[in-house]
Amino acid sequence: MNRPLAAVVVLAGALAGAPAAAADTAVVSATVFTGTAGTAAARTVALSTLDACPPYTGPGALTLYPGGSTDTLPAGTTWTLAEILDCGLSIPLSNLNAVEVLRPDGAAQAPLSPAALTDASAYADPAAPGALPVVSNNGGQAQNTYTRPWRGGDDENGRDQVTASGPVQMVVYENTAPLSVHIATRTLRHGIRSERVALSATVQTAAGATVPASSLDWRWTISTGASSAAATPTVTIPQGTATATVVVSDTASGSGGTASIALTYKPVRSKNARSGGGGHGTVHSSSGLGSGHHHGRGGASHRGQGRTTGTTTTTSRTTTAPTTTATPSPTTTSTVTTSATSSAQAAATTPTTATTPAPHPPRTHHRASHPAPARDGTVVQGRLLADVVPVSASQSPLTRPVLPSESAAVASPAPATRITVPAAVIGGIVVLGLLALGGAREQRRRSPRLHR
């Protein structure tokens with residue numbers, strides 16, 4: 001193509017509003033762990049490099065689930081992910097262990113093995129037989145897109161599609177297996193519009209050995225834009241949902257790993273809420289992304305949404321157990337009496353079940369002047385047996401017959417002996433008592449302290 005014709009083509013493209021992508025446009029940016037000593041660095045694949053690689057020749061459209069929509073792949077600017085790794089990054093598939101594509105929020109998707117990159121039988125899109133995971137560059141819209149075929153069943157390849165105005169981010173494991181990374185969170189402070197959360201992670205090798213945090217390089221990124229290179233950073237989570245992602249590098253072995261967790265902060269105002277302090281709650285929900293564990297808040301967990309300061313939680317799904325309201329069984333109420341036998345019988349007539357214990361009888365206070373009613377409802381007054389059951393004089397326990405020898409004594413009792421006290425003596429005793437009482441009162445008046 002000569003220069004005048006090329007100028008006409010460029011001008012026509014500009015007039016059509018579809019500018020061509022520049023040759024140095026970055027299509028893919030990958031963090032590659034090589035299995036050799038040293039820190040992994042990001043490597044970029046430019047459009048000019050991929051122009052020299054064989055383009056994708058499979059079906060031109062892939063079905064996205066859920067929804068069942070169709071994604072049309074640009075012809076000539078679409079490459080298989082295997083071709084991008086092999087031709088673009090110069091990583092032979094024989095050395096590849098796994099590759100993880102990152103979502104726009106930084107979370108890693110499920111790892112793809114070398115077989116998943118080259119074996120079309122692993123996918124089940126009936127409208128696209130022979131399709132493989134691909135990356136496309138759309139120069140007209142100045143964007144890059146990663147799409148993989150549908151695996152069938154409840155697979156959601158539509159949610160795994162990544163469309164970015166910059167390069168598609170991914171993590172590549174060459175000659176090394178990914179490290180297992182488990183994220184934990186600890187809420188430090190609840191606020192009205194945000195909360196402070198401490199992040200940490202435990203890292204293990206494929207054999208299960210724990211890797212010390214001091215021997216790792218840490219790269220934390222938050223979907224809000226924050227980042228940190230500390231092993232245990234403290235971040236602010238605003239109201240809503242934010243994703244925390246960590247990428248660790250073992251500089252001694254050249255291996256690495258990544259994990260992500262979704263943190264959802266929803267203030268819950270309680271009657272004891274204070275401005276900038278307690279009375280709020282946080283839900284740490286699992287993202288199910290990458291190799292991160294599923295966590296939840298202790299407490300709080302997750303919790304009555306209460307204050308959980310100082311509680312370490314690991315990510316886990318929050319399951320709310322259904323609440324079952326037990327209906328108490330009917331009971332028979334009996335009259336409470338002071339008789340031990342009546343109480344026992346009343347208790348025996350009160351049915352009980354294993355789930356609803358019989359209620360305790362209420363306490364009753366009895367007074368001597370108010371006798372308790374009997375079982376038949378009549379009030380028993382204090383009366384002699386003779387008043388209740390009439391008996392003859394010979395049967396009464398209160399009477400006995402009088403012998404003839406005793407009848408004379410009963411008829412003529414002996415006269416009682418009287419003691420006569422002179423009136424003068426009685427008067428003297430009264431006077432002395434009055435004098436003693438008056439003296440005691442006078443003494444108490446003069447010396448009140450002695451009688452307190």
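- Gln109 places a side-chain N or O within 3.5 Å of a backbone atom of Asp160 that can act as its donor or acceptor partner.
- Under the 3.5 Å distance criterion, the side-chain polar atoms of Ser215 are matched with a main-chain donor or acceptor of Pro212.
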Which donor-acceptor pairs under 3.5 Å do side chains of residues 113-122 form with protein atoms, sequence neighbours excluded?
unit_1 : atom_1 : unit_2 : atom_2 : d
Ser113 : OG     : Ala116 : N      : 3.4
Thr118 : OG1    : Pro114 : O      : 3.1
Asp119 : OD1    : Ser121 : N      : 3.1
Asp119 : OD1    : Ser121 : OG     : 2.6
Asp119 : OD2    : Ser121 : OG     : 2.9

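- Taking both residues in full, the closest heavy atoms of Pro129 and Pro59 are given as O-CG, 3.3 Å, listed atom of the first, atom of the second, then distance.
- If you take OG1 on Thr210 and NE2 on His182, they are separated by 9.0 Å, rounding to the nearest 0.5 Å.
- Side chain of Asn157 to main chain of Tyr65: a donor-acceptor pair is present (N/O by atom type, distance under 3.5 Å, no hydrogens or angles).
- Of the listed residues (Val181, Thr245, Thr31), just one forms a side-chain contact (heavy atoms from CB on, under 4.5 Å) with Thr258, and that residue is Thr245.
- Looking at Asp125, its side chain does come within 3.5 Å of a backbone N or O of Thr63 through a donor-acceptor pair.
- Using modelled atom types, one side-chain atom of Tyr265 and one backbone atom of Gly191 make a donor-acceptor pair closer than 3.5 Å.
- Of the possible polar contacts, none joining the Asp71 side chain to the Gly158 backbone as a donor-acceptor pair under 3.5 Å is found.
- Using modelled atom types, no side-chain atom of Thr243 and backbone atom of Asp105 make a donor-acceptor pair closer than 3.5 Å.
- Proximity of a side-chain donor or acceptor of Trp220 to a complementary backbone N or O of Pro233 within less than 3.5 Å is not detected.
- Closest approach of Pro111 and Glu100 over heavy atoms only: CG-OE2, 3.3 Å.
- Expressed to the nearest 0.5 Å, how far CD of Gln239 lies from CD of Glu195 amounts to 11.0 Å.
- Across Ala213 and Ala231, no two heavy atoms sit closer than the pair CB-CB, 4.5 Å.
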Could you go through the side-chain hydrogen bond (donor to acceptor under 3.5 Å, both in side chains) check for Thr34 and Glu174 one step at a time?
CA-CA 5 Å; Thr34 60; Glu174 179 185 8; 6.0 Å; no

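- For the side chain to side chain donor-acceptor pair (under 3.5 Å) with Asn137, the qualifying choice from Thr145, Asn144, Thr77, Thr25 is Asn144, the only one to do so.
- The two residues Val32 and Ala40 come nearest to each other via the heavy atoms O-CB, 3.1 Å.
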Which is it for Thr264 and Thr241 under the side-chain hydrogen bond (donor to acceptor under 3.5 Å, both in side chains) test, yes or no, and what are the steps along the way?
CA-CA 4 Å; Thr264 300; Thr241 301; 3.1 Å; yes

